[in-house]
Amino acid sequence: MQIPIFTVDAFTNRPFSGNPAAVCLLENDLDEDLHQKIATEMNLSETAFIRKLHPGDDFTKSSCFGLRWFTPANEVPLCGHATLAAAAVLFHIQKNTNSVLTFVTLSGELKARQVEDHIVLDLPLYLTYPQVLQEVQELIKAAVGDMIVQDLRYSPDTKKLLVRLSDAYERSVLEELQVSAQRFLSAEKTGKVKGLILTLKGNSSGKHKGHDFYSRYFAPWYGLLEDPVTGSAHSVLSSYWSEQLGKKEMLAFQCSRRGGELKISLRNDGRVDIAGQIAVVLKGNLTF
């Protein structure tokens, strides 16, 4: 069997930065267990599988496809950067002629469209609620030690914990923070956290001015110690920072080693547009 496969760096226009995802184009149904085996073999944070929904569908002409995402350990309900990567393969490599693509996923229908040199994802917007510190104190300690935490929120829909560090800290503090995410597994006692977001308010002056907020994202519960640039985390961050800053249009930067930029626009229908650029770095075939 041969399956076309691509590696796409998402939320960047430079190869070898942003967040890499593998994208497989499935002409035919794939055995269920092979999805996970391929994702484990690729060993990237996510491997996306695009499948045809009807026998007559075509990767160049059809506008609606099935989409699933797998980490090296398991299937996940939502992945922004791999959705961006999947749309890039259809738009840029398959030369899909539609202005909007629809993906049928575990998180419902997601739409992607091209706007100049960006691909815009229409994603769910997830609200956060105040989180009692005592419940997750050991996890916070494992993540940031004795650093000052300004706010603590929880998103029940995504099981993500949002930890806002003090506005007194600079971006460099977040970038240089040494995080041992493996320790989160034993420190998290509630069973309700599956992702941890560290975030910091942007700086309106200095060399990094222009970004409204910064973040890093850790998900050892899914086998990902740190994810380079995370669309799904920004489905949570967007609602939080929009409320905090009183803005609907924001520019975000994820401060992982690879780094990536996301353009955010809150919609009037309770969803969020997250836009990013891409770089295709590998084209080939899986053969087995």
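D57 approaches C64 most closely through the heavy-atom pair OD2-O, 4.0 Å.
Cluster membership check: L198 does not share its hydrophobic cluster with L262, using side-chain heavy-atom separations under 4.5 Å among Ile, Leu, Val, Met, Phe, Trp and Tyr. In terms of hydrophobic clustering, with Ile, Leu, Val, Met, Phe, Trp and Tyr side chains grouped at heavy-atom distances under 4.5 Å, I140 and V132 are assigned to different clusters. No path of Ile, Leu, Val, Met, Phe, Trp and Tyr side chains, each step under 4.5 Å between heavy atoms, connects V115 with F103, placing them in separate hydrophobic clusters. In this structure, F218 is not a member of the same hydrophobic cluster as Y222, with clusters built from ILVMFWY side-chain heavy atoms closer than 4.5 Å. I197 and Y240 fall within a single hydrophobic cluster, where Ile, Leu, Val, Met, Phe, Trp and Tyr are joined by side-chain heavy atoms under 4.5 Å apart, directly or via other members.
Using a cutoff of 4.0 Å between basic side-chain nitrogens and carboxylate oxygens, K141 and D146 are scored as salt-bridged. A salt bridge is defined here as a Lys NZ or Arg NE, NH1 or NH2 lying under 4.0 Å from an Asp or Glu carboxylate O, and K37 with D31 fails to meet this definition.
Inspection of the T71 and E46 side chains reveals no N or O donor paired with an N or O acceptor under 3.5 Å. Judged purely by distance below 3.5 Å, without hydrogens or angles, the side chains of Q277 and R14 never pair a donor atom with an acceptor atom. Checked by atom type, the side-chain pair K61/Q94 shows no donor-acceptor distance below 3.5 Å. Side-chain atoms of Q178 and S180 form no donor-acceptor pair, as typed in the model, at a separation below 3.5 Å. Neither side chain, W69 nor T105, offers a donor N or O lying under 3.5 Å from an acceptor on the other.
Side-chain N or O atoms of S155 include none that pairs as donor or acceptor with a backbone N or O of V236 at under 3.5 Å. Counting only distance, with no hydrogens or angles, the side chain of Q36 and the backbone of P72 share a donor-acceptor pair below 3.5 Å. Under the 3.5 Å distance criterion, the side-chain polar atoms of D9 are matched with a main-chain donor or acceptor of F16. Using a distance-only test at 3.5 Å, with no hydrogens or angles considered, a donor-acceptor pair links the side chain of N98 to the main chain of S62. Side-chain N or O atoms of H35 include one that pairs as donor or acceptor with a backbone N or O of E32 at under 3.5 Å.
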- Check step by step if side chain to side chain donor-acceptor pair (under 3.5 Å) holds for S17 and T12. CA-CA 6 Å; S17 59; T12 182; 2.7 Å; yes

- For the pair Q254 and T230, evaluate side chain to side chain donor-acceptor pair (under 3.5 Å) and give the outcome as yes or no after the intermediate values. CA-CA 8 Å; Q254 193 156 330; T230 318; 3.0 Å; yes

- Message: As a quick check of understanding, evaluate side chain to side chain donor-acceptor pair (under 3.5 Å) for S45 and D227, giving each step before the final call.
- Response: CA-CA 7 Å; S45 54; D227 198 34; 3.3 Å; yes

- Chi angles and distances behind the side chain to side chain donor-acceptor pair (under 3.5 Å) call for Y217, K160: CA-CA 10 Å; Y217 180 66; K160 289 178 177 27; 3.1 Å; yes

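No close placement of the H118 and F11 rings is indicated, their centers lying 6.0 Å or farther apart. Ring pair F253/F213: centre-to-centre distance not below 6.0 Å.
Taken to the nearest 0.5 Å, the OG1 atom of T47 stands 6.0 Å off from the CE atom of M42. Here the straight-line distance linking atom CD of E75 with atom CZ of F70 works out to 3.5 Å at 0.5 Å rounding. Here the CG atom belonging to N19 is positioned 7.5 Å from the OG atom belonging to S256, to the nearest 0.5 angstrom. Expressed to the nearest 0.5 Å, how far NE2 of H211 lies from CZ of R171 amounts to 6.5 Å.
Checked against Y126 for a side-chain contact (heavy atoms from CB on, under 4.5 Å), the options L237, D157, V272 give a single hit: D157.
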